[in-house]
Engineer: 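So that we are looking at the same thing, I have put the structure below in structure tokens.
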Amino acid sequence: MLNKLSDTIYYSSYQDDRERPTLGLVVGDRYSLIIDSGNSPQHARDFLLEIENLNVPPVKYVVITHAHWDHFLGMNEFDATVIVNSKTNEMIKKWQSLSYDDSSLQKYVTTNQMSAICMKIIQTDMPNRDSFKLKSPDVIFENKLTIDLGNKVCTLEIIKSTHTDDSTIIYIPDEKVIFLGDCAYGTTTNSLFHYKQSLLLPMIKDIQKYDAEMFLLGHESICDLNEMNIYWEELTTASQVVMSASLENAIESFKAENKREPNDNELFFIKAFVNDHIIQSL
């Protein structure tokens, strides 16, 4: 069932057990726009069935927030204009060249081109896999794009991100709502989870220039402005004390500067920033 944020914005909740991220629907007077196409054809069809229960204008656009498989593998199911930024387009090209039969999928997992969970979702939720080919996006933009759905404007912008190099956010100004995709998360490199420390403050600046009150992330519940500010504060407080690949030094620095122990979130972030230093030194 879709969650109703307002008369013109709906979203599906993320499902961790099925690796399904949040999908969004923005409704204008003339057209509707979908944010992310789901992790599989089945995920996309489930979302479209929910939309059919609403009396909304036809879906004209689908915006992909970034080129991680769980956000775009349902793309073929939409009879709509698929929009991506140029970096996302380049990354999707790799997936367009893949074969999706069992032996090929197993090879991709063995060679670390694909995760085991991705293979499992594809095998479960993608019919006619032997002939499946991911289609190409229809519109490729650089930096920023504005779309008018009919008295409903959506601003798309590629921003700096601690998660990936191709993150697009979608802002709906009259609602003060912003869809962040996964941009505010960390990432995993060489089996180490980390936040790209050098991009943390530029990312926060890119997001906070928008007058948003509600934030939708790919793998979280919806956050209000206060919850988001707490998240930014904990991230920046953790980042400020990490100067090297030494976890011990970072924790001691945190205690000295803040006169307290880090909470669980801050400790998690400190470890992630330390991991970033380890990765940068490789």
Side-chain angles (χ1 to χ4, degrees), residues 12 14-15 18-26 32-51 58-142 145 147 156 158 161 163-170 179-183 185 187-188 218-219:
S12 66
Y14 75 104
Q15 296 174 263
R18 302 178 73 181
E19 205 72 22
R20 288 186 169 188
T22 298
L23 305 182
L25 174 69
V26 184
S32 298
L33 175 147
I34 285 173
I35 296 160
D36 281 331
S37 67
N39 71 357
S40 67
Q42 187 60 53
H43 188 192
R45 286 195 293 271
D46 290 347
F47 190 61
L48 285 168
L49 280 174
E50 294 286 353
I51 293 173
V59 174
K60 186 172 183 180
Y61 305 104
V62 176
V63 180
I64 306 298
T65 59
H66 64 295
H68 285 168
W69 65 273
D70 53 324
H71 293 259
F72 69 78
L73 274 182
M75 194 165 67
N76 288 17
E77 298 300 310
F78 295 90
D79 183 18
T81 299
V82 176
I83 303 172
V84 301
N85 69 56
S86 56
K87 291 182 179 179
T88 298
N89 184 57
E90 288 305 310
M91 295 177 184
I92 283 178
K93 284 179 180 178
K94 181 194 79 170
W95 291 80
Q96 291 174 302
S97 67
L98 299 183
S99 299
Y100 291 83
D101 58 275
D102 283 342
S103 61
S104 295
L105 293 176
Q106 188 58 61
K107 181 181 73 174
Y108 303 145
V109 172
T110 302
T111 56
N112 294 319
Q113 297 179 67
M114 181 182 289
S115 68
I117 185 66
C118 178
M119 178 177 71
K120 180 182 176 183
I121 296 295
I122 289 171
Q123 289 173 327
T124 304
D125 286 356
M126 185 183 287
N128 307 314
R129 287 185 290 111
D130 288 355
S131 59
F132 181 84
K133 289 294 179 184
L134 190 68
K135 73 177 187 179
S136 297
D138 302 293
V139 173
I140 300 158
F141 73 96
E142 301 283 348
L145 180 66
I147 297 173
L156 285 53
I158 181 171
S161 166
H163 181 68
T164 181
D165 294 333
D166 70 314
S167 289
T168 291
I169 59 172
I170 299 92
F179 284 83
L180 296 178
D182 291 357
C183 74
Y185 300 140
T187 188
T188 300
H219 302 271

Engineer: For the backbone of Ala67 and the side chain of Asp166, can you confirm whether one donor and one acceptor N or O come within less than 3.5 Å of each other?
Structural biologist: yes
Engineer: What are the two closest non-hydrogen atoms of Asp125 and Arg18, and how far apart are they?
Structural biologist: OD2-NH2, 4.3 Å
Engineer: Which pairs, with at least one residue in residues 83-101 and sequence neighbours excluded, count as a salt bridge (Lys or Arg N to Asp or Glu O under 4.0 Å)?
Structural biologist: Glu90-Lys93
Engineer: Quick check for you: to the nearest 0.5 Å, what is the distance between Thr81 atom OG1 and Lys60 atom NZ?
Structural biologist: 6.5 Å
Engineer: Under 4.5 Å between any side-chain heavy atoms of Thr168 and Val84, yes or no?
Structural biologist: no
Engineer: Mind checking the CD-OG spacing from Glu142 to Ser86? Nearest 0.5 Å is all I need.
Structural biologist: 3.5 Å
Engineer: Taking only residues two or more places apart in sequence or in another chain, which ones pass salt bridge (charged side-chain N to carboxylate O under 4.0 Å, His left out) with Asp165?
Structural biologist: Lys196
Engineer: Tell me, please, which residues at least two apart from Glu77 pass salt bridge (charged side-chain N to carboxylate O under 4.0 Å, His left out).
Structural biologist: Arg45
Engineer: Donor-acceptor pairs are to be reported for all side-chain atoms of residues 111-122 against protein atoms at under 3.5 Å, with residues two or more places apart or in another chain.
Structural biologist:
| residue | atom | partner | partner atom | Å |
| --- | --- | --- | --- | --- |
| Thr111 | OG1 | Lys107 | O | 2.8 |
| Thr111 | OG1 | Tyr108 | O | 3.3 |
| Thr111 | OG1 | Gln113 | NE2 | 2.8 |
| Ser115 | OG | Cys118 | N | 3.1 |

Engineer: Less than 6.0 angstrom separating the ring centers of His43 and His71, yes or no?
Structural biologist: no
Engineer: As an exercise, state the distance from CG of Asp36 to CZ of Phe72, rounded to the nearest 0.5 Å.
Structural biologist: 10.5 Å
Engineer: If you take all heavy atoms of Leu73 and Pro41, which pair is closest and at what distance?
Structural biologist: O-CD, 3.7 Å
Engineer: Please identify each residue that fulfils side-chain hydrogen bond (donor to acceptor under 3.5 Å, both in side chains) with Gln15, with sequence neighbours left out.
Structural biologist: none
Engineer: Grab the two heavy atoms, one from Phe179 and one from Gly24, that are nearest each other, plus how far apart they are.
Structural biologist: CE2-CA, 3.6 Å
Engineer: Are Asp182 and Thr164 close enough that some pair of their side-chain heavy atoms sits under 4.5 Å apart?
Structural biologist: no
Engineer: If I compare all heavy atoms of Leu105 with all of Gln123, which pair ends up nearest, and what's the gap?
Structural biologist: CD1-CG, 3.9 Å
Engineer: Any side-chain heavy atom of Cys183 within less than 4.5 Å of one from Ile169?
Structural biologist: yes
Engineer: Which value, rounded to the nearest 0.5 Å, describes the distance between Lys135 atom NZ and Asp138 atom CG?
Structural biologist: 5.5 Å
Engineer: Return the set of residues passing salt bridge (charged side-chain N to carboxylate O under 4.0 Å, His left out) with Glu50 (not counting sequence neighbours), or none when no residue passes.
Structural biologist: none
Engineer: Of all the heavy-atom pairs spanning Tyr185 and His219, show the shortest one and how long it is.
Structural biologist: OH-N, 3.0 Å
Engineer: Answer yes if the side chains of Ser131 and Asn128 hold a donor-acceptor pair under 3.5 Å, and no otherwise.
Structural biologist: no
Engineer: Any chance you could measure Tyr61, atom OH, to Leu145, atom CG, to the nearest 0.5 Å?
Structural biologist: 8.5 Å
Engineer: On a heavy-atom basis, which atom in His66 and which in Ser167 lie closest, and how many Å separate them?
Structural biologist: CB-CA, 4.4 Å
Engineer: Would you tell me whether Asp102 and Gln106 have side-chain atoms, one donor and one acceptor, within less than 3.5 Å of each other?
Structural biologist: no
Engineer: Once rounded to the nearest 0.5 Å, what's the spacing between atom CD1 of Ile92 and atom OG of Ser136?
Structural biologist: 9.0 Å
Engineer: Counting only N and O atoms by type, is there a donor-acceptor contact under 3.5 Å from the side chain of Ser12 to the main-chain atoms of Leu23?
Structural biologist: yes
Engineer: Side chains of Leu98 and Phe132: closer than 4.5 Å at any heavy-atom pair?
Structural biologist: no
Engineer: Kindly indicate, with the supporting measurements, whether the criterion side-chain contact (heavy atoms from CB on, under 4.5 Å) is fulfilled by Ile83 and Phe141.
Structural biologist: CA-CA 8 Å; Ile83 303 172; Phe141 73 96; 3.8 Å; yes
